[in-house]
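For reference, the structure is listed below as structure tokens.
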Amino acid sequence: MVRANGAVSLRELARVVQTSEVTVRRDVRALEAEGLLDRRHGGAVLPGGFTRESGFPQKSHLATAEKTAIADLAASFVEEGEAVVVGAGTTTQELARRLARVPGLTVVTNSLLVAQALAHANRVEVVMTGGTLRGSNYALVGSGAEQSLHGLRVTRAFLSGSGLTAERGLSTSNMLSASVDRALVQAAAEVVVLADHTKLGTDTMFQTVPTDVITRLVTDEPPSHDDRAATELQALADQGVHISVAGPGAGAPAGAVPGSGPEQVPQQQRRRDVPPLPGQRRTHGGHGGHHPLPPGGGQAQTGGGAPSAPQLRSAGSLGGEPPTARVADLAPRRR
């Protein structure tokens with residue numbers, strides 16, 4: 001199955017062979033010892049280490065439920081009338097499907113899949129970069145894509161990647177994709193990374209977003225046995241990254257329209273939010289300090305200075321705790 005698809009999830013393997021994920025995980029570990037595949041959190045891929053990148057068909061079958069929950073939660077941060085950039089990836093494609101319901105939104109993207117998801121959204125304006133089409137992930141890359149982003153200013157960038165660590169930040173296996181992602185980051189006042197737990201602790205060849213530039217990470221709850229992902233989340237929180245954890249039902253409620261205001265996200269939703277350490281908010285790309293925007297978000301600007309970043313809303317509490325409560329297992333450790 002791995003040879004045919006390039007990657008496969010433990011859940012799918014367990015379903016096909018009609019056994020438990022615990023048994024599948026043990027056998028995958030044995031196959032890795034023989035050099036036949038590489039384990040990834042939640043699945044397995046063909047051997048290749050830092051340089052191998054799975055294509056879109058393979059990625060689209062991994063951690064699908066987690067990506068859906070992440071997209072639901074990320075969409076709740078987008079305001080009506082805002083301008084954002086959305087990078088390429090299967091998780092950002094899920095986000096785009098939800099952004100189609102945000103009125104007055106402007107989305108700048110280099111992804112054909114993101115643009116396709118927004119193509120029939122009457123109230124959303126889509127701006128595509130130039131560039132050369134990279135068929136494996138349906139993204140525009142190269143100097144044309146990067147040059148088209150010069151002078152652009154938006155409130156937020158939503159990006160995904162192949163791996164995320166506290167040491168190096170977000171990374172990918174392809175040099176051209178990494179270069180365009182860096183240009184997308186330079187256009188935004190805030191950077192929101194969308195990464196499911198299978199990418200936490202994974203390091204790939206080309207760095208795209210250093211940890212000190214990431215404003216917020218939207219991820220899912222790692223399994224209880226996944227110590228590496230939990231450790232990586234703690235390390236990211238210690239470095240000042242604001243972490244939002246999507247659990248079952250963490251996205252917008254059924255029938256809700258993203259971008260309709262903070263009240264659209266009920267306090268009782270299963271959603272955990274860990275703010276960065278005080279005084280550790282960072283600047284990047286010459287954008288200057290990050291300050292709140294007035295309500296309503298910001299529009300894309302060309303030339304001149306970048307608009308200040310909007311202040312992200314505090315997330316709902318977990319299990320009825322006060323809205324200001326932090327999650328104990330992700331609280332920054334004393335240094």
Between L200 and L217, is any pair of side-chain heavy atoms under 4.5 Å apart? yes
Any idea which heavy atoms bring S244 and F77 closest together, and the distance? OG-CZ, 3.7 Å
Before you tell me yes or no, could you show the steps for V84 and T155 under side-chain contact (heavy atoms from CB on, under 4.5 Å), namely the whole-Å CA-CA distance, both residues' side-chain angles and the distance that decides it to 0.1 Å? CA-CA 6 Å; V84 299; T155 55; 4.0 Å; yes
R134 side chain near N174 side chain, heavy-atom distance below 4.5 Å: yes
Shortest non-hydrogen separation from S171 to T204 and the atoms involved: OG-OG1, 2.7 Å
Main chain of A178, side chain of T208: is a donor-acceptor contact present, judged purely on distance under 3.5 Å? no
Do the side chains of E232 and T202 get nearer than 4.5 Å, heavy atoms only? no
So if I apply the side chain to side chain contact (heavy atoms under 4.5 Å, CB included) rule between L233 and each of D238, V241, I243, which one comes out positive? I243
Hey, could you give me the OG1/OH distance between T90 and Y138, rounded to the nearest 0.5 Å? 12.5 Å
Only one of V85, V86, L184 forms a side chain to side chain contact (heavy atoms under 4.5 Å, CB included) with L159, so which one is it? L184
Going by side-chain contact (heavy atoms from CB on, under 4.5 Å), name the residues that satisfy it together with S20, two or more places apart in sequence or in a different chain. V22, T23
Looking only at atom types and distance, does a side-chain atom of T172 sit under 3.5 Å from a main-chain N or O of G161, one as donor and one as acceptor? no
Could you give the distance from NE2 (H197) to CG (D220), rounded to the nearest 0.5 Å? 5.5 Å
Please name the pair of heavy atoms, one in V107 and one in V124, separated by the smallest distance, quoted to 0.1 Å. CG2-CG1, 4.1 Å
From the options V108, V114, L112, select the one residue that forms a side chain to side chain contact (heavy atoms under 4.5 Å, CB included) with M128. L112
Let me confirm one number: the CG-CZ distance from D181 to F206, rounded to the nearest 0.5 Å. 12.5 Å
Without swapping roles, check the side chain of T92 against the backbone of G87 for a donor-acceptor pair under 3.5 Å. yes
Could you give the distance from CD (E66) to OG1 (T219), rounded to the nearest 0.5 Å? 9.0 Å
Start with the C-alpha distance between Q93 and S111, add both sets of side-chain angles, then the distance that settles side-chain hydrogen bond (donor to acceptor under 3.5 Å, both in side chains), and finish with yes or no. CA-CA 8 Å; Q93 181 188 23; S111 168; over 6 Å; no
CG of L95 to OG1 of T68: how many Å apart, nearest 0.5 Å? 11.5 Å
About how many Å separate CG of L113 and CG of L118, when rounded to the nearest 0.5 Å? 11.0 Å
Side chain proximity check, L164 to I214, heavy atoms < 4.5 angstrom: yes
Contact summary for E82 and L105, nearest pair of heavy atoms: O-CD1, 3.2 Å
Any side-chain heavy atom of R156 sitting closer than 4.5 Å to one from R216? no
Answer yes or no: is there a side-chain heavy-atom contact under 4.5 Å between Q116 and V126? no
At their closest point, which heavy atom of V28 faces which heavy atom of L37, and how far apart are they? O-CD1, 3.6 Å
Below 4.5 Å, heavy atoms only, C-beta onward: do D212 and Q239 meet side chain to side chain? no
Applying side-chain hydrogen bond (donor to acceptor under 3.5 Å, both in side chains) to K199 and S160, what does each step give before you reach the verdict? CA-CA 10 Å; K199 298 177 181 178; S160 187; 3.0 Å; yes
Check: S148 side chain, A145 main-chain N or O, donor-acceptor pair, under 3.5 Å: yes
Does Q207 have any side-chain hydrogen bond (donor to acceptor under 3.5 Å, both in side chains) partners at least two apart in sequence or in another chain, and if so, which? none
Without swapping roles, check the side chain of N110 against the backbone of A139 for a donor-acceptor pair under 3.5 Å. no
With E167, which residues qualify under side-chain contact (heavy atoms from CB on, under 4.5 Å), at least two apart? T165
Identified side chain to side chain contact (heavy atoms under 4.5 Å, CB included) counterpart of T129 within the set L140, V180, V141: L140
Checking T211 side chain against A166 main chain: does a donor-acceptor pair fall under 3.5 Å? yes
Is a salt bridge present between E94 and R97, judged by a nitrogen-to-oxygen distance below 4.0 Å? yes
Side chains of R11 and E21 in contact at under 4.5 Å (non-hydrogen atoms): yes
Might you point out which heavy atoms bring R123 and R101 nearest each other, and give the distance in Å? NH2-O, 3.6 Å
